[in-house]
Engineer: 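Quick one: this structure, given as C-alpha coordinates, is what I'll be asking you about.
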Amino acid sequence: MLRGVGLRKVFKTGLFGGKRIVAVDGVSIEIEEGETVALVGESGSGKSTLGRILLMLIRPDEGKVFFDGIDLTKLRGKELKRVRIKMQLIPQNPEEALDPRWRIYDSIAEPLRIHKLVDKSEEEDRILELVKAVGLKEEHLTRYPWQLSGGELQRAVIARALALNPRFIVCDEPTSMLDLSTQASIVRLLMKFQKMFGISYLFITHDLELAKVVADRILIMRSGKIVARRVESPS
Amino acid sequence: MEVVAFRMGIFRNTLCTLGLGIIVFIALMGLLAPIIAGDPYKTNMSERLKPPSLKHLFGTDQLGRDVYSRIVWGARTTLLVALTISIISMTVGCLLGAIAGYFGGIVDDVIGRIIDTFLAIPELVFNIALVGIFCVAYGTSIWNVILAVVVTNWVSYARVMRSIVLSLKEREFVICEKALGAGDWYILLRHVIPNALGPIIVLATLNMGNVIMTISSLGFLGLGVQPPTPEWGQMINAGKNYITTAPWLTFFPGLFIALSVLGFNLLGEGLQEVIGRKRLVE
(Lines give C-alpha, C1' and ligand atoms only; values in the text may rest on other atoms or scores of the structure.)
Protein backbone atom coordinates (compact mmCIF):
# COMPACT_ATOMS: atom_id res chain seq x y z
CA MET A 1 0.00 0.00 0.00
CA LEU A 2 2.73 2.45 0.99
CA ARG A 3 6.19 2.17 -0.44
CA GLY A 4 9.26 4.39 -0.02
CA VAL A 5 12.11 3.83 -2.44
CA GLY A 6 15.67 5.03 -2.05
CA LEU A 7 14.76 7.88 0.30
CA ARG A 8 17.47 10.33 1.24
CA LYS A 9 17.37 13.57 3.17
CA VAL A 10 20.28 15.83 4.02
CA PHE A 11 19.87 18.77 6.39
CA LYS A 12 22.22 21.69 5.97
CA THR A 13 23.07 23.64 9.08
CA GLY A 14 25.75 25.99 10.23
CA LEU A 15 26.98 29.12 8.53
CA PHE A 16 26.18 29.11 4.77
CA GLY A 17 24.87 25.54 5.09
CA GLY A 18 28.41 24.29 5.47
CA LYS A 19 27.57 21.49 7.86
CA ARG A 20 25.63 18.59 6.38
CA ILE A 21 23.70 16.03 8.38
CA VAL A 22 22.46 12.98 6.53
CA ALA A 23 19.23 12.21 8.38
CA VAL A 24 17.92 9.51 6.07
CA ASP A 25 20.37 7.72 3.83
CA GLY A 26 18.93 5.67 1.02
CA VAL A 27 16.11 3.92 2.85
CA SER A 28 13.50 1.73 1.18
CA ILE A 29 10.45 0.73 3.15
CA GLU A 30 7.17 -1.04 2.42
CA ILE A 31 4.01 -1.18 4.51
CA GLU A 32 1.07 -3.42 3.63
CA GLU A 33 -2.63 -2.93 4.26
CA GLY A 34 -3.54 -3.43 7.93
CA GLU A 35 0.04 -4.06 8.96
CA THR A 36 2.04 -2.56 11.80
CA VAL A 37 5.68 -1.88 11.07
CA ALA A 38 7.78 -0.79 14.01
CA LEU A 39 10.71 1.51 13.35
CA VAL A 40 13.16 1.23 16.21
CA GLY A 41 16.24 3.32 16.73
CA GLU A 42 18.06 5.57 19.13
CA SER A 43 17.37 9.30 19.09
CA GLY A 44 18.98 11.03 16.14
CA SER A 45 18.87 7.92 13.99
CA GLY A 46 16.50 9.60 11.54
CA LYS A 47 13.38 7.59 12.33
CA SER A 48 11.14 10.62 12.86
CA THR A 49 12.47 12.20 9.69
CA LEU A 50 11.65 9.02 7.77
CA GLY A 51 8.12 9.03 9.19
CA ARG A 52 7.62 12.63 8.16
CA ILE A 53 8.99 11.97 4.69
CA LEU A 54 6.44 9.17 4.20
CA LEU A 55 3.71 11.70 5.10
CA MET A 56 5.27 14.30 2.76
CA LEU A 57 5.74 16.69 5.68
CA ILE A 58 9.38 16.79 4.64
CA ARG A 59 10.26 16.46 1.00
CA PRO A 60 13.05 13.94 0.39
CA ASP A 61 16.13 15.02 -1.58
CA GLU A 62 16.13 11.72 -3.41
CA GLY A 63 13.75 8.80 -3.73
CA LYS A 64 10.04 8.37 -4.17
CA VAL A 65 7.05 7.62 -1.97
CA PHE A 66 4.22 5.61 -3.51
CA PHE A 67 0.77 5.48 -1.93
CA ASP A 68 -1.50 3.05 -3.75
CA GLY A 69 0.88 3.32 -6.67
CA ILE A 70 0.71 7.14 -6.84
CA ASP A 71 4.04 8.96 -6.55
CA LEU A 72 3.48 11.48 -3.75
CA THR A 73 6.71 13.38 -4.43
CA LYS A 74 5.19 14.61 -7.70
CA LEU A 75 2.01 15.95 -6.09
CA ARG A 76 1.50 19.57 -5.04
CA GLY A 77 -1.19 21.70 -3.43
CA LYS A 78 -4.74 20.39 -3.89
CA GLU A 79 -3.73 16.92 -5.07
CA LEU A 80 -1.51 16.42 -2.05
CA LYS A 81 -4.27 17.73 0.22
CA ARG A 82 -6.62 15.07 -1.15
CA VAL A 83 -4.10 12.30 -0.39
CA ARG A 84 -3.52 13.64 3.14
CA ILE A 85 -7.05 12.57 4.11
CA LYS A 86 -5.82 8.98 3.95
CA MET A 87 -2.66 9.39 6.03
CA GLN A 88 -2.25 10.90 9.47
CA LEU A 89 0.32 11.65 12.15
CA ILE A 90 0.18 11.00 15.88
CA PRO A 91 3.11 12.94 17.29
CA GLN A 92 5.29 12.30 20.28
CA ASN A 93 4.20 14.91 22.75
CA PRO A 94 0.41 15.13 23.18
CA GLU A 95 0.76 18.39 25.11
CA GLU A 96 2.22 19.99 22.00
CA ALA A 97 -0.02 18.37 19.41
CA LEU A 98 -3.10 20.56 19.82
CA ASP A 99 -3.31 24.32 19.42
CA PRO A 100 -3.28 25.62 23.04
CA ARG A 101 -5.80 28.34 22.15
CA TRP A 102 -8.42 25.96 20.74
CA ARG A 103 -11.01 23.95 22.61
CA ILE A 104 -10.73 20.18 22.22
CA TYR A 105 -13.97 20.12 20.25
CA ASP A 106 -12.68 22.55 17.63
CA SER A 107 -9.37 20.73 17.36
CA ILE A 108 -11.08 17.42 16.66
CA ALA A 109 -13.54 19.08 14.27
CA GLU A 110 -10.78 20.87 12.38
CA PRO A 111 -9.85 18.12 9.88
CA LEU A 112 -13.55 17.68 9.03
CA ARG A 113 -13.84 21.41 8.44
CA ILE A 114 -10.64 21.69 6.40
CA HIS A 115 -11.73 18.96 4.02
CA LYS A 116 -15.45 19.88 4.20
CA LEU A 117 -16.31 16.25 4.79
CA VAL A 118 -19.49 16.67 6.82
CA ASP A 119 -22.25 19.26 7.18
CA LYS A 120 -22.52 21.42 10.27
CA SER A 121 -25.48 19.33 11.46
CA GLU A 122 -23.61 16.02 11.18
CA GLU A 123 -20.39 17.42 12.64
CA GLU A 124 -21.43 17.16 16.25
CA ASP A 125 -22.67 13.57 15.92
CA ARG A 126 -19.44 12.55 14.25
CA ILE A 127 -17.33 14.14 16.97
CA LEU A 128 -19.34 12.59 19.79
CA GLU A 129 -18.93 9.23 18.09
CA LEU A 130 -15.16 9.73 17.81
CA VAL A 131 -14.81 10.91 21.36
CA LYS A 132 -16.70 7.89 22.67
CA ALA A 133 -14.56 5.57 20.58
CA VAL A 134 -11.32 6.87 22.11
CA GLY A 135 -12.73 6.82 25.63
CA LEU A 136 -13.06 10.54 26.35
CA LYS A 137 -16.08 12.13 27.98
CA GLU A 138 -18.30 14.77 26.44
CA GLU A 139 -17.27 17.27 29.10
CA HIS A 140 -13.67 17.17 27.85
CA LEU A 141 -14.77 18.75 24.57
CA THR A 142 -15.29 22.24 25.95
CA ARG A 143 -11.91 22.32 27.71
CA TYR A 144 -8.57 23.65 26.59
CA PRO A 145 -5.53 21.38 26.11
CA TRP A 146 -3.83 22.53 29.33
CA GLN A 147 -6.85 21.36 31.33
CA LEU A 148 -6.39 17.72 30.23
CA SER A 149 -3.91 15.06 31.32
CA GLY A 150 -1.34 13.59 28.95
CA GLY A 151 -3.36 10.41 28.40
CA GLU A 152 -6.57 12.34 27.74
CA LEU A 153 -4.75 14.61 25.31
CA GLN A 154 -3.31 11.66 23.42
CA ARG A 155 -6.84 10.24 23.12
CA ALA A 156 -8.01 13.57 21.71
CA VAL A 157 -5.12 13.53 19.24
CA ILE A 158 -6.06 10.00 18.18
CA ALA A 159 -9.69 11.09 17.77
CA ARG A 160 -8.56 13.92 15.52
CA ALA A 161 -6.39 11.61 13.45
CA LEU A 162 -9.26 9.13 13.08
CA ALA A 163 -11.77 11.81 12.08
CA LEU A 164 -10.73 11.49 8.45
CA ASN A 165 -10.89 7.66 8.39
CA PRO A 166 -7.23 7.35 7.42
CA ARG A 167 -5.71 4.14 6.07
CA PHE A 168 -2.19 4.87 7.26
CA ILE A 169 -1.01 6.50 10.46
CA VAL A 170 2.53 7.34 11.51
CA CYS A 171 2.70 7.01 15.30
CA ASP A 172 5.83 8.93 16.27
CA GLU A 173 6.64 7.58 19.74
CA PRO A 174 3.00 8.00 20.79
CA THR A 175 3.59 6.69 24.30
CA SER A 176 7.04 7.96 25.22
CA MET A 177 5.74 11.01 27.11
CA LEU A 178 3.10 9.06 29.05
CA ASP A 179 3.32 7.10 32.30
CA LEU A 180 3.32 3.32 32.20
CA SER A 181 -0.35 2.56 32.84
CA THR A 182 -1.49 5.15 30.31
CA GLN A 183 0.99 3.79 27.78
CA ALA A 184 -0.68 0.38 27.84
CA SER A 185 -4.16 1.78 27.37
CA ILE A 186 -3.08 4.00 24.46
CA VAL A 187 -1.36 1.09 22.73
CA ARG A 188 -4.47 -1.07 23.25
CA LEU A 189 -6.61 1.69 21.79
CA LEU A 190 -4.42 1.92 18.68
CA MET A 191 -4.54 -1.84 18.22
CA LYS A 192 -8.33 -1.85 18.59
CA PHE A 193 -8.74 0.68 15.80
CA GLN A 194 -6.39 -1.28 13.58
CA LYS A 195 -8.64 -4.36 13.92
CA MET A 196 -11.79 -2.27 13.39
CA PHE A 197 -10.70 -0.26 10.37
CA GLY A 198 -7.72 -2.15 8.98
CA ILE A 199 -5.37 0.84 9.40
CA SER A 200 -1.66 0.42 8.70
CA TYR A 201 0.74 1.83 11.26
CA LEU A 202 4.31 2.93 11.12
CA PHE A 203 5.08 2.72 14.82
CA ILE A 204 8.19 4.73 15.64
CA THR A 205 9.72 3.94 19.03
CA HIS A 206 13.02 3.50 20.81
CA ASP A 207 11.59 0.72 22.94
CA LEU A 208 12.33 -2.67 21.38
CA GLU A 209 10.12 -4.54 23.85
CA LEU A 210 7.13 -2.37 22.94
CA ALA A 211 7.91 -2.88 19.26
CA LYS A 212 7.85 -6.65 19.72
CA VAL A 213 4.38 -6.44 21.24
CA VAL A 214 2.73 -4.20 18.67
CA ALA A 215 4.47 -4.91 15.38
CA ASP A 216 4.19 -7.45 12.62
CA ARG A 217 7.63 -6.48 11.40
CA ILE A 218 10.45 -4.56 13.03
CA LEU A 219 12.95 -2.33 11.25
CA ILE A 220 15.98 -1.12 13.13
CA MET A 221 17.50 2.17 12.11
CA ARG A 222 20.90 3.62 12.82
CA SER A 223 22.49 6.80 11.40
CA GLY A 224 19.90 7.11 8.68
CA LYS A 225 20.07 3.54 7.44
CA ILE A 226 17.94 0.48 8.15
CA VAL A 227 20.42 -1.96 9.64
CA ALA A 228 18.15 -4.88 10.53
CA ARG A 229 14.74 -6.23 9.54
CA ARG A 230 12.89 -8.97 11.32
CA VAL A 231 9.42 -10.46 11.20
CA GLU A 232 7.64 -11.00 14.47
CA SER A 233 5.71 -14.21 14.79
CA PRO A 234 2.14 -13.47 15.84
CA SER A 235 1.94 -13.85 19.59
CA MET B 1 -12.04 31.05 31.86
CA GLU B 2 -8.75 31.90 30.29
CA VAL B 3 -9.78 35.53 29.87
CA VAL B 4 -10.97 35.86 33.47
CA ALA B 5 -7.71 34.41 34.82
CA PHE B 6 -5.78 36.79 32.59
CA ARG B 7 -7.76 39.77 33.82
CA MET B 8 -7.21 38.82 37.43
CA GLY B 9 -3.50 38.50 36.69
CA ILE B 10 -3.40 42.03 35.34
CA PHE B 11 -5.02 43.61 38.35
CA ARG B 12 -2.96 41.59 40.80
CA ASN B 13 0.18 42.98 39.18
CA THR B 14 1.15 46.38 40.57
CA LEU B 15 3.02 47.55 37.46
CA CYS B 16 0.07 46.65 35.24
CA THR B 17 -2.50 48.35 37.45
CA LEU B 18 -0.41 51.50 37.77
CA GLY B 19 0.33 51.69 34.04
CA LEU B 20 -3.24 50.96 33.08
CA GLY B 21 -4.41 53.62 35.54
CA ILE B 22 -2.19 56.28 33.94
CA ILE B 23 -3.23 55.29 30.43
CA VAL B 24 -6.93 55.28 31.29
CA PHE B 25 -6.50 58.70 32.93
CA ILE B 26 -4.87 60.19 29.82
CA ALA B 27 -7.30 58.46 27.48
CA LEU B 28 -10.22 59.86 29.48
CA MET B 29 -8.64 63.31 29.21
CA GLY B 30 -8.61 63.01 25.45
CA LEU B 31 -12.08 61.49 25.30
CA LEU B 32 -13.75 64.05 27.57
CA ALA B 33 -11.82 67.06 26.24
CA PRO B 34 -14.92 68.94 24.98
CA ILE B 35 -16.50 68.65 28.46
CA ILE B 36 -13.61 69.18 30.88
CA ALA B 37 -11.60 71.77 28.95
CA GLY B 38 -12.22 75.10 27.30
CA ASP B 39 -11.39 76.27 23.79
CA PRO B 40 -7.67 75.57 23.15
CA TYR B 41 -7.53 78.09 20.29
CA LYS B 42 -9.03 81.16 22.03
CA THR B 43 -6.39 83.85 22.37
CA ASN B 44 -6.57 86.61 24.93
CA MET B 45 -3.88 89.27 24.60
CA SER B 46 -4.71 90.89 27.94
CA GLU B 47 -3.90 87.66 29.78
CA ARG B 48 -0.57 86.70 28.20
CA LEU B 49 1.96 84.51 30.07
CA LYS B 50 -0.05 84.38 33.29
CA PRO B 51 1.24 81.90 35.87
CA PRO B 52 -0.97 79.00 37.06
CA SER B 53 -4.01 80.18 39.00
CA LEU B 54 -7.53 78.95 39.74
CA LYS B 55 -8.79 80.54 36.55
CA HIS B 56 -5.99 79.08 34.42
CA LEU B 57 -4.91 75.86 36.12
CA PHE B 58 -1.65 75.56 34.17
CA GLY B 59 -1.31 79.26 33.32
CA THR B 60 -1.53 80.89 29.88
CA ASP B 61 0.88 81.03 26.95
CA GLN B 62 2.37 83.86 24.92
CA LEU B 63 -0.95 84.34 23.07
CA GLY B 64 -3.03 84.16 26.23
CA ARG B 65 -4.35 80.67 25.45
CA ASP B 66 -5.26 78.41 28.38
CA VAL B 67 -2.43 75.85 28.77
CA TYR B 68 -4.71 73.42 30.63
CA SER B 69 -7.14 73.29 27.71
CA ARG B 70 -4.32 72.84 25.24
CA ILE B 71 -2.84 69.98 27.30
CA VAL B 72 -6.20 68.20 27.50
CA TRP B 73 -6.87 68.57 23.77
CA GLY B 74 -3.26 67.62 23.12
CA ALA B 75 -3.88 64.24 24.77
CA ARG B 76 -6.43 63.56 22.07
CA THR B 77 -3.98 64.48 19.27
CA THR B 78 -1.09 62.51 20.71
CA LEU B 79 -3.07 59.35 21.49
CA LEU B 80 -4.90 59.29 18.15
CA VAL B 81 -1.72 59.74 16.14
CA ALA B 82 0.21 57.23 18.26
CA LEU B 83 -2.61 54.67 18.02
CA THR B 84 -2.85 55.03 14.24
CA ILE B 85 0.89 54.60 13.90
CA SER B 86 0.91 51.56 16.17
CA ILE B 87 -1.99 49.81 14.45
CA ILE B 88 -0.59 50.33 10.95
CA SER B 89 2.97 49.33 11.83
CA MET B 90 1.77 46.35 13.87
CA THR B 91 -0.31 45.03 10.98
CA VAL B 92 2.43 45.52 8.40
CA GLY B 93 5.25 44.34 10.66
CA CYS B 94 3.46 41.27 11.98
CA LEU B 95 2.37 40.11 8.54
CA LEU B 96 5.78 40.57 6.94
CA GLY B 97 7.59 39.05 9.92
CA ALA B 98 5.24 36.07 10.02
CA ILE B 99 5.61 35.49 6.29
CA ALA B 100 9.39 35.69 6.52
CA GLY B 101 9.56 33.29 9.46
CA TYR B 102 7.01 30.83 8.18
CA PHE B 103 8.00 30.47 4.55
CA GLY B 104 11.75 30.90 5.04
CA GLY B 105 14.06 30.63 2.05
CA ILE B 106 14.31 33.52 -0.39
CA VAL B 107 11.25 35.28 1.07
CA ASP B 108 12.96 35.32 4.47
CA ASP B 109 16.24 36.52 2.97
CA VAL B 110 14.57 39.45 1.19
CA ILE B 111 12.44 40.56 4.15
CA GLY B 112 15.34 39.92 6.56
CA ARG B 113 17.71 42.15 4.59
CA ILE B 114 15.08 44.91 4.41
CA ILE B 115 14.68 44.70 8.19
CA ASP B 116 18.48 44.86 8.66
CA THR B 117 18.72 47.91 6.39
CA PHE B 118 16.08 49.79 8.34
CA LEU B 119 17.67 48.83 11.65
CA ALA B 120 21.00 50.26 10.48
CA ILE B 121 19.62 53.78 10.07
CA PRO B 122 19.13 55.88 13.24
CA GLU B 123 15.39 56.09 13.70
CA LEU B 124 14.84 59.73 14.54
CA VAL B 125 17.20 60.96 11.81
CA PHE B 126 15.36 58.80 9.31
CA ASN B 127 12.00 60.10 10.56
CA ILE B 128 13.12 63.71 10.19
CA ALA B 129 14.37 63.08 6.67
CA LEU B 130 11.14 61.31 5.70
CA VAL B 131 8.88 64.04 7.10
CA GLY B 132 10.94 66.55 5.13
CA ILE B 133 10.58 64.57 1.92
CA PHE B 134 6.85 64.01 2.42
CA CYS B 135 6.30 67.69 3.19
CA VAL B 136 7.96 68.73 -0.05
CA ALA B 137 6.17 66.05 -2.03
CA TYR B 138 2.64 66.19 -0.59
CA GLY B 139 2.44 69.40 1.47
CA THR B 140 2.02 69.51 5.25
CA SER B 141 -0.40 67.03 6.70
CA ILE B 142 -0.64 64.88 9.81
CA TRP B 143 -0.27 61.84 7.55
CA ASN B 144 3.35 62.84 6.86
CA VAL B 145 4.18 62.20 10.51
CA ILE B 146 2.16 59.00 10.67
CA LEU B 147 3.73 57.58 7.52
CA ALA B 148 7.26 58.61 8.46
CA VAL B 149 7.05 56.94 11.86
CA VAL B 150 5.38 53.81 10.45
CA VAL B 151 8.24 53.39 7.98
CA THR B 152 10.75 52.99 10.82
CA ASN B 153 8.41 51.46 13.38
CA TRP B 154 7.10 48.33 11.60
CA VAL B 155 10.62 46.87 11.72
CA SER B 156 10.56 46.00 15.42
CA TYR B 157 7.26 44.14 15.03
CA ALA B 158 8.55 42.26 11.99
CA ARG B 159 11.73 41.23 13.77
CA VAL B 160 9.98 39.96 16.88
CA MET B 161 7.21 38.26 14.90
CA ARG B 162 9.73 36.51 12.67
CA SER B 163 11.61 34.99 15.59
CA ILE B 164 8.40 33.87 17.34
CA VAL B 165 7.12 32.26 14.15
CA LEU B 166 10.45 30.52 13.59
CA SER B 167 10.05 28.69 16.89
CA LEU B 168 6.29 28.18 16.52
CA LYS B 169 6.54 26.48 13.15
CA GLU B 170 8.68 23.71 14.64
CA ARG B 171 6.04 23.02 17.31
CA GLU B 172 4.22 19.74 16.87
CA PHE B 173 0.75 21.22 16.58
CA VAL B 174 1.79 23.18 13.50
CA ILE B 175 3.36 20.10 11.94
CA CYS B 176 0.15 18.19 12.76
CA GLU B 177 -1.88 20.83 10.95
CA LYS B 178 0.13 20.15 7.81
CA ALA B 179 -0.50 16.44 8.19
CA LEU B 180 -4.22 17.19 8.50
CA GLY B 181 -4.06 18.83 5.10
CA ALA B 182 -4.35 22.48 6.14
CA GLY B 183 -2.93 25.02 3.72
CA ASP B 184 0.00 27.28 4.60
CA TRP B 185 -2.02 30.49 4.77
CA TYR B 186 -4.70 28.80 6.86
CA ILE B 187 -2.07 27.57 9.34
CA LEU B 188 -0.38 30.96 9.42
CA LEU B 189 -3.57 32.95 10.03
CA ARG B 190 -5.49 30.54 12.27
CA HIS B 191 -2.73 28.92 14.32
CA VAL B 192 0.64 30.62 14.08
CA ILE B 193 -0.25 34.31 14.33
CA PRO B 194 -2.86 33.90 17.13
CA ASN B 195 -0.30 31.99 19.19
CA ALA B 196 2.27 34.74 18.68
CA LEU B 197 -0.02 37.52 19.89
CA GLY B 198 1.01 37.44 23.57
CA PRO B 199 4.52 38.82 23.10
CA ILE B 200 3.26 41.10 20.32
CA ILE B 201 0.79 42.75 22.71
CA VAL B 202 3.63 43.39 25.17
CA LEU B 203 5.75 44.83 22.38
CA ALA B 204 2.89 47.01 21.15
CA THR B 205 2.39 48.47 24.63
CA LEU B 206 6.08 49.22 25.16
CA ASN B 207 6.27 50.54 21.61
CA MET B 208 3.41 53.02 22.23
CA GLY B 209 5.73 54.81 24.67
CA ASN B 210 8.42 55.10 22.00
CA VAL B 211 5.95 56.31 19.42
CA ILE B 212 4.66 59.04 21.76
CA MET B 213 8.27 60.13 22.33
CA THR B 214 8.91 60.23 18.59
CA ILE B 215 5.76 62.24 17.88
CA SER B 216 6.68 64.72 20.60
CA SER B 217 10.27 64.96 19.33
CA LEU B 218 9.06 65.70 15.82
CA GLY B 219 6.61 68.19 17.28
CA PHE B 220 9.40 69.86 19.23
CA LEU B 221 11.48 70.14 16.06
CA GLY B 222 8.52 71.77 14.33
CA LEU B 223 8.08 68.82 12.00
CA GLY B 224 5.16 67.15 13.69
CA VAL B 225 1.62 68.30 14.19
CA GLN B 226 1.45 71.90 13.00
CA PRO B 227 0.15 74.81 15.10
CA PRO B 228 -2.40 75.89 16.09
CA THR B 229 -3.50 72.25 16.69
CA PRO B 230 -2.46 71.56 20.28
CA GLU B 231 0.26 68.93 20.62
CA TRP B 232 2.60 68.48 23.57
CA GLY B 233 5.97 68.43 21.77
CA GLN B 234 5.07 71.44 19.72
CA MET B 235 3.90 73.27 22.87
CA ILE B 236 7.33 72.75 24.44
CA ASN B 237 8.90 74.15 21.29
CA ALA B 238 6.71 77.24 21.46
CA GLY B 239 7.37 77.69 25.17
CA LYS B 240 11.14 77.24 25.11
CA ASN B 241 11.77 80.97 24.48
CA TYR B 242 10.01 81.75 27.76
CA ILE B 243 11.61 78.99 29.80
CA THR B 244 13.06 81.42 32.39
CA THR B 245 10.07 83.75 32.60
CA ALA B 246 7.17 81.30 32.11
CA PRO B 247 8.43 77.78 32.88
CA TRP B 248 4.86 76.38 33.07
CA LEU B 249 4.71 76.55 29.27
CA THR B 250 7.32 73.81 29.02
CA PHE B 251 6.82 72.05 32.33
CA PHE B 252 3.26 70.84 31.91
CA PRO B 253 3.52 69.45 28.35
CA GLY B 254 6.78 67.77 29.40
CA LEU B 255 5.11 66.29 32.45
CA PHE B 256 2.32 64.78 30.39
CA ILE B 257 4.70 63.35 27.77
CA ALA B 258 6.69 61.72 30.55
CA LEU B 259 3.53 60.49 32.27
CA SER B 260 2.05 58.85 29.19
CA VAL B 261 5.36 57.22 28.19
CA LEU B 262 5.71 55.98 31.77
CA GLY B 263 2.16 54.60 31.70
CA PHE B 264 2.75 52.53 28.59
CA ASN B 265 6.15 51.31 29.77
CA LEU B 266 4.75 50.22 33.15
CA LEU B 267 1.85 48.40 31.51
CA GLY B 268 4.19 46.73 29.04
CA GLU B 269 6.57 45.54 31.73
CA GLY B 270 3.66 44.34 33.84
CA LEU B 271 2.04 42.47 30.94
CA GLN B 272 5.33 40.78 30.29
CA GLU B 273 5.34 39.48 33.85
CA VAL B 274 1.69 38.38 33.72
CA ILE B 275 2.01 36.63 30.36
CA GLY B 276 5.28 35.02 31.37
CA ARG B 277 3.79 33.72 34.58
CA LYS B 278 0.70 32.43 32.78
CA ARG B 279 2.98 30.34 30.56
CA LEU B 280 4.60 28.80 33.62
CA VAL B 281 1.26 27.94 35.21
CA GLU B 282 0.11 26.20 32.04
Side-chain angles (χ1 to χ4, degrees), chain A residues 48 51-52 54-59 76-103 106-117 142-147 153 156-157 160-161 163-164 166 168-170 172-174 177, chain B residues 1-9 94 98 102-106 108-109 112-113 116 161 164-202 274-282:
Chain A
S48 284
R52 287 179 184 183
L54 292 178
L55 293 175
M56 278 297 116
L57 295 174
I58 298 173
R59 285 192 177 268
R76 307 247 159 213
K78 283 227 167 68
E79 292 165 317
L80 194 58
K81 184 178 165 185
R82 220 172 299 135
V83 179
R84 287 210 194 281
I85 298 181
K86 306 210 176 78
M87 32 204 265
Q88 280 304 313
L89 171 71
I90 295 174
Q92 179 172 16
N93 187 350
E95 290 174 16
E96 281 276 304
L98 303 170
D99 189 323
R101 302 175 65 92
W102 286 37
R103 289 173 198 276
D106 293 312
S107 281
I108 299 178
E110 195 179 14
L112 300 172
R113 291 174 187 165
I114 290 172
H115 295 282
K116 300 186 183 71
L117 285 184
T142 53
R143 297 197 187 150
Y144 288 96
W146 50 277
Q147 295 170 308
L153 281 172
V157 173
R160 180 175 68 172
L164 296 171
F168 171 59
I169 299 181
V170 172
D172 191 353
E173 309 208 31
M177 307 291 283
Chain B
M1 255 290 310
E2 208 186 13
V3 180
V4 174
F6 186 60
R7 234 178 261 157
M8 276 164 61
C94 284
Y102 187 83
F103 291 104
I106 300 174
D108 187 23
D109 286 339
R113 292 302 84 74
D116 289 345
M161 195 65 178
I164 302 171
V165 170
L166 272 183
S167 72
L168 271 178
K169 79 169 178 179
E170 298 299 323
R171 294 267 294 271
E172 274 178 342
F173 72 85
V174 175
I175 292 166
C176 276
E177 291 301 327
K178 276 188 207 162
L180 290 175
D184 282 330
W185 285 100
Y186 173 89
I187 298 175
L188 194 60
L189 293 174
R190 299 297 300 277
H191 291 284
V192 175
I193 293 182
N195 274 292
L197 281 186
I200 290 296
I201 287 171
V202 174
V274 172
I275 288 176
R277 199 174 52 220
K278 209 182 97 210
R279 284 274 157 69
L280 289 180
V281 171
E282 276 177 31

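A, B, ... follow the sequence lines: proteins, then strands. Residue 1 opens every chain. Note: hydrogens, waters and symmetry copies are ignored here, and every other heavy atom, side chains too, is used.
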Engineer: Counting only non-hydrogen atoms closer than 4.5 Å, does A:M56 touch chain B with its backbone (N, CA, C, O), its side chain (CB onward), both, or neither?
Structural biologist: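 Answer is neither: A:M56 stays 4.5 Å or more from chain B.
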Engineer: Between A:I114 and B:A182, which heavy-atom pair has the shortest distance, and what is it?
Structural biologist: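 Scanning both residues completely, I find the closest heavy atoms to be CD1-CB, 3.6 Å.
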Engineer: Looking at every non-hydrogen atom in both residues, tell me the closest pair between B:R171 and A:P100 and how far apart they are.
Structural biologist: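 Distance-wise, the nearest heavy atoms are NH2-CG, 4.3 Å.
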Engineer: Which atoms form the tightest heavy-atom contact between B:L180 and A:P111, and what is the distance?
Structural biologist: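 Smallest interatomic distance, heavy atoms only, reads CD2-CB, 3.9 Å.
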Engineer: Taking all non-hydrogen atoms of both residues, which atom of B:R190 and which atom of A:D99 are closest, and how far apart?
Structural biologist: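 Where B:R190 meets A:D99 most closely, the heavy atoms are O-OD2, 4.1 Å.
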Engineer: So A:R101 and B:F173, side chain to side chain contact (heavy atoms under 4.5 Å, CB included) or not? Walk me through it.
Structural biologist: CA-CA 11 Å; A:R101 302 175 65 92; B:F173 72 85; over 6 Å; no
Engineer: Compare all side-chain heavy atoms of A:R52 with those of B:I175 and state whether any distance is below 4.5 angstrom.
Structural biologist: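 Yes; the side chains approach each other to less than 4.5 Å.
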Engineer: For A:E95, is it the side chain, the backbone, both, or neither that has a heavy atom closer than 4.5 Å to a heavy atom of chain B?
Structural biologist: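 Contact with chain B: none, neither part.
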Engineer: Do side-chain atoms of A:R84 reach the backbone of B:K178 as a donor and acceptor pair under 3.5 angstrom?
Structural biologist: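 Confirmed, A:R84 side chain pairs with B:K178 backbone.
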Engineer: Do you know which two heavy atoms are closest between A:R160 and B:C176, and how far apart they sit?
Structural biologist: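 So the two residues come closest at NH2-CB, 3.3 Å.
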Engineer: Looking at A:I90, A:I85, A:L98, which has the largest count of heavy-atom pairs under 4.5 Å with chain B?
Structural biologist: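 Top option by heavy-atom pairs under 4.5 Å: A:L98.
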